[in-house]
Each structure stands twice: as structure tokens, then as C-alpha cells.
Participant: 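What follows is a single structure, and I will ask about it in a moment.
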Amino acid sequence: MESGPVCTCWPGATVWITGLPSAGKTTIATTLATRLRGSGRRVEVLDGDQVRACLYSGLGFSREDRHTHVRRVGMMAEVLARNDVLVLVPVIAPYADSRAAVRARHHRSGTRFLEVHVATPVEVCARRDVKGLYARRSAGEISALTGVDDPYEAPEDPDLVIAAHQQDVDASVAALRALLTTKGLA
């Protein structure tokens, strides 16, 4: 598939997209990435599940393992963003202190960081159940599901809140793109 020339004239940034499992994070990120690439923007999506499966498969889901996962994904995002790539990071990242550590790393390197909360209620996420996690939890096959029996600390002051359960994907993507435009990133 050919696309137009890639513009390296945009500054890099990390857009951390957090929310519960099946909230719509990855759908929003991949849809936006496709549209921005079509406009010549350098974009990468670091999906939390894919990164965990490929690079950090030995990590479990304890608080410490989740923190390690978030910190490592955050480092990869910061390095890419520091090199003028717009990095969309759909990762649950349930703990505020883990997200704060990623933000601090970006701040120390002078790399732009935005936090987006896809605020889909757990009841809606459970109905969507994209990966079957809620069904597996109900069947007793897994435990420590974020937002059900493991905590999710919603961001207190995100750059954007997306109510993905109240609008379609196009509207969610448009809201995020509008934020990027106002920040000079798209």
C-alpha cells in the first residue's frame, strides 16, 4: 500500500490512551493512526496487549508487574516521540502512579505527553467484551480483572475525556484529532 510522502516536520509526542478493558482505546488509536498516516504524519501505535505478548510475556498482572509493563511501554513511547514520531499508546495502565512516572519521564526529556481517558463504564465494557475477559472472569477462569476485582484509578485531570459509549468511533477519533490540532500535533 503506497501513501504520500511522510512529513517529518511535526514534533513528536506521546498520547497515552487509558481506560478499562474493552473501552475502545485500541479502536480509537488505530483508526486515528490510519487517518493521520494518510495525511503523511509519522505515527506508531504501541498497543499494550501486543507489546506485552511480544516483549514482556513473562510479566504477570500483579501491581508490580503492571507498573513494570507501563514503565517499559512508556520508555519506548518516549524514545519514539523524542524522535518526532506521534506515538498513540492504548494501554489500560490502571494505576495513577504508573502513569505519573511515564509523564515524569517525558517531562525530564522535554518530550510532549498527553493523557486521554476513554471513560467507558465497566457495564458497557462487559457487554462489548472484545477479548472475552469479562466472560472468563464470570466463569472463574481469570481473576484480577481491571475495573471488576482489581482497581482502575481514572485520571484526575486528563487532557481529554472520551465518552466512547455515547458516540461512535468517528466522533471519538474526531475529538482526539481536534485535541492534537489544538496542541500543534496534527
Side-chain angles (χ1 to χ4, degrees), residues 1 3-19 21 23-118 146 152-160 162 172-173 175-186:
M1 178 171 112
S3 63
V6 175
C7 177
T8 58
C9 54
W10 296 95
T14 294
V15 181
W16 198 271
I17 305 169
T18 182
K25 301 175 301 295
T26 301
T27 300
I28 293 167
T30 56
T31 303
L32 178 59
T34 298
R35 291 178 186 175
L36 291 173
R37 286 182 189 122
S39 300
R41 183 72 164 95
R42 293 175 62 194
V43 181
E44 288 297 330
V45 176
L46 294 180
D47 177 71
D49 291 334
Q50 290 177 352
V51 171
R52 180 184 283 276
C54 292
L55 299 177
Y56 311 126
S57 60
L59 291 176
F61 292 92
S62 69
R63 183 179 179 99
E64 184 56 36
D65 282 353
R66 290 175 192 246
H67 178 71
T68 298
H69 174 63
V70 167
R71 185 175 44 83
R72 289 175 178 175
V73 173
M75 188 205 77
M76 286 190 305
E78 187 268 329
V79 168
L80 287 166
R82 196 170 6 114
N83 286 281
D84 298 329
V85 176
L86 180 65
V87 187
L88 305 175
V89 187
V91 175
I92 295 169
Y95 302 111
D97 61 342
S98 296
R99 296 189 307 268
V102 171
R103 181 185 294 272
R105 177 184 177 86
H106 281 71
H107 180 73
R108 284 190 303 274
S109 71
T111 306
R112 295 176 78 177
F113 179 90
L114 300 173
E115 185 175 49
V116 175
H117 180 209
V118 181
T146 302
Y152 176 77
E153 299 167 355
E156 290 185 14
D157 190 27
D159 295 281
L160 177 66
I162 297 176
S172 296
V173 169
L176 182 47
R177 191 168 192 167
L179 172 67
L180 296 177
T181 300
T182 64
K183 301 289 186 179
L185 297 169

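All values below were derived from every heavy atom in this structure, side-chain atoms included, with hydrogens, water molecules and symmetry-related copies excluded.
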Participant: Please list, chain by chain and in numerical order, all residues satisfying side chain to side chain contact (heavy atoms under 4.5 Å, CB included) with T111, sequence neighbours excluded.
Facilitator: E78, A81, R82, H106, S109
Participant: How close do V45 and A33 get, heavy atom to heavy atom, and via which atoms?
Facilitator: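 That closest heavy-atom pairing would be CG2-CB, 3.6 Å.
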Participant: Between L32 and V15, is the side-chain contact (heavy atoms from CB on, under 4.5 Å) condition met? List the steps.
Facilitator: CA-CA 11 Å; L32 178 59; V15 181; over 6 Å; no
Participant: For E64, give me all partners under side chain to side chain contact (heavy atoms under 4.5 Å, CB included), at least two apart in sequence or on another chain.
Facilitator: S62, H67, T68
Participant: What side-chain donor-acceptor pairs closer than 3.5 Å can you find for residues 177-186, not counting sequence neighbours?
Facilitator:
from: R177; atom 1: NH2; to: S39; atom 2: OG; distance (Å): 3.3
from: T181; atom 1: OG1; to: R177; atom 2: O; distance (Å): 2.9
from: T182; atom 1: OG1; to: L179; atom 2: O; distance (Å): 2.8

Participant: Report the distance from atom CD1 of I17 to atom CD1 of I162, rounding to the nearest 0.5 Å.
Facilitator: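 That separation rounds to 7.0 Å.
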Participant: Which pairs pass salt bridge (charged side-chain N to carboxylate O under 4.0 Å, His left out) with one or both residues in residues 86-99, sequence neighbours excluded?
Facilitator: R63-D97, R99-E115
Participant: So do L160 and L114 actually touch side chain to side chain, heavy atoms under 4.5 Å?
Facilitator: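 The answer is no, as the side chains (C-beta and beyond) never meet within the 4.5 Å cut-off.
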Participant: For the residue pair R42 and V85, what are the closest heavy atoms and their distance?
Facilitator: NH2-CG2, 3.4 Å
Participant: Which residues pass the side chain to side chain donor-acceptor pair (under 3.5 Å) test with T146, sequence neighbours left out?
Facilitator: R66
Participant: Given the rule in the side-chain contact (heavy atoms from CB on, under 4.5 Å) test, do V102 and W16 qualify, once you have shown the distances and angles that lead to the verdict?
Facilitator: CA-CA 9 Å; V102 171; W16 198 271; 3.8 Å; yes
Participant: List in chain and number order the residues that pass side chain to side chain donor-acceptor pair (under 3.5 Å) with R71, two or more places apart in sequence or in another chain; answer none if no residue qualifies.
Facilitator: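 For R71, no residue satisfies side chain to side chain donor-acceptor pair (under 3.5 Å) once neighbours in sequence are set aside.
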Participant: How long is the span from the OG1 atom in T14 to the CE atom in M75, to the nearest 0.5 Å?
Facilitator: 11.5 Å
Participant: So, using side chain to side chain donor-acceptor pair (under 3.5 Å) as the criterion, who are the partners of D157 when residues are at least two apart?
Facilitator: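 Listed in chain order: nothing, the list is empty.
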Participant: A154: what forms a side chain to side chain contact (heavy atoms under 4.5 Å, CB included) with it, not counting sequence neighbours?
Facilitator: H117, Y152
Participant: For D47, which residues count as a side chain to side chain donor-acceptor pair (under 3.5 Å) partner, sequence neighbours excluded?
Facilitator: T26
Participant: Identify the two heavy atoms, one from V43 and one from L88, that lie closest to each other, and give their separation to 0.1 Å.
Facilitator: CG1-CD1, 4.0 Å
Participant: If I compare all heavy atoms of K25 with all of T18, which pair ends up nearest, and what's the gap?
Facilitator: CD-C, 3.5 Å
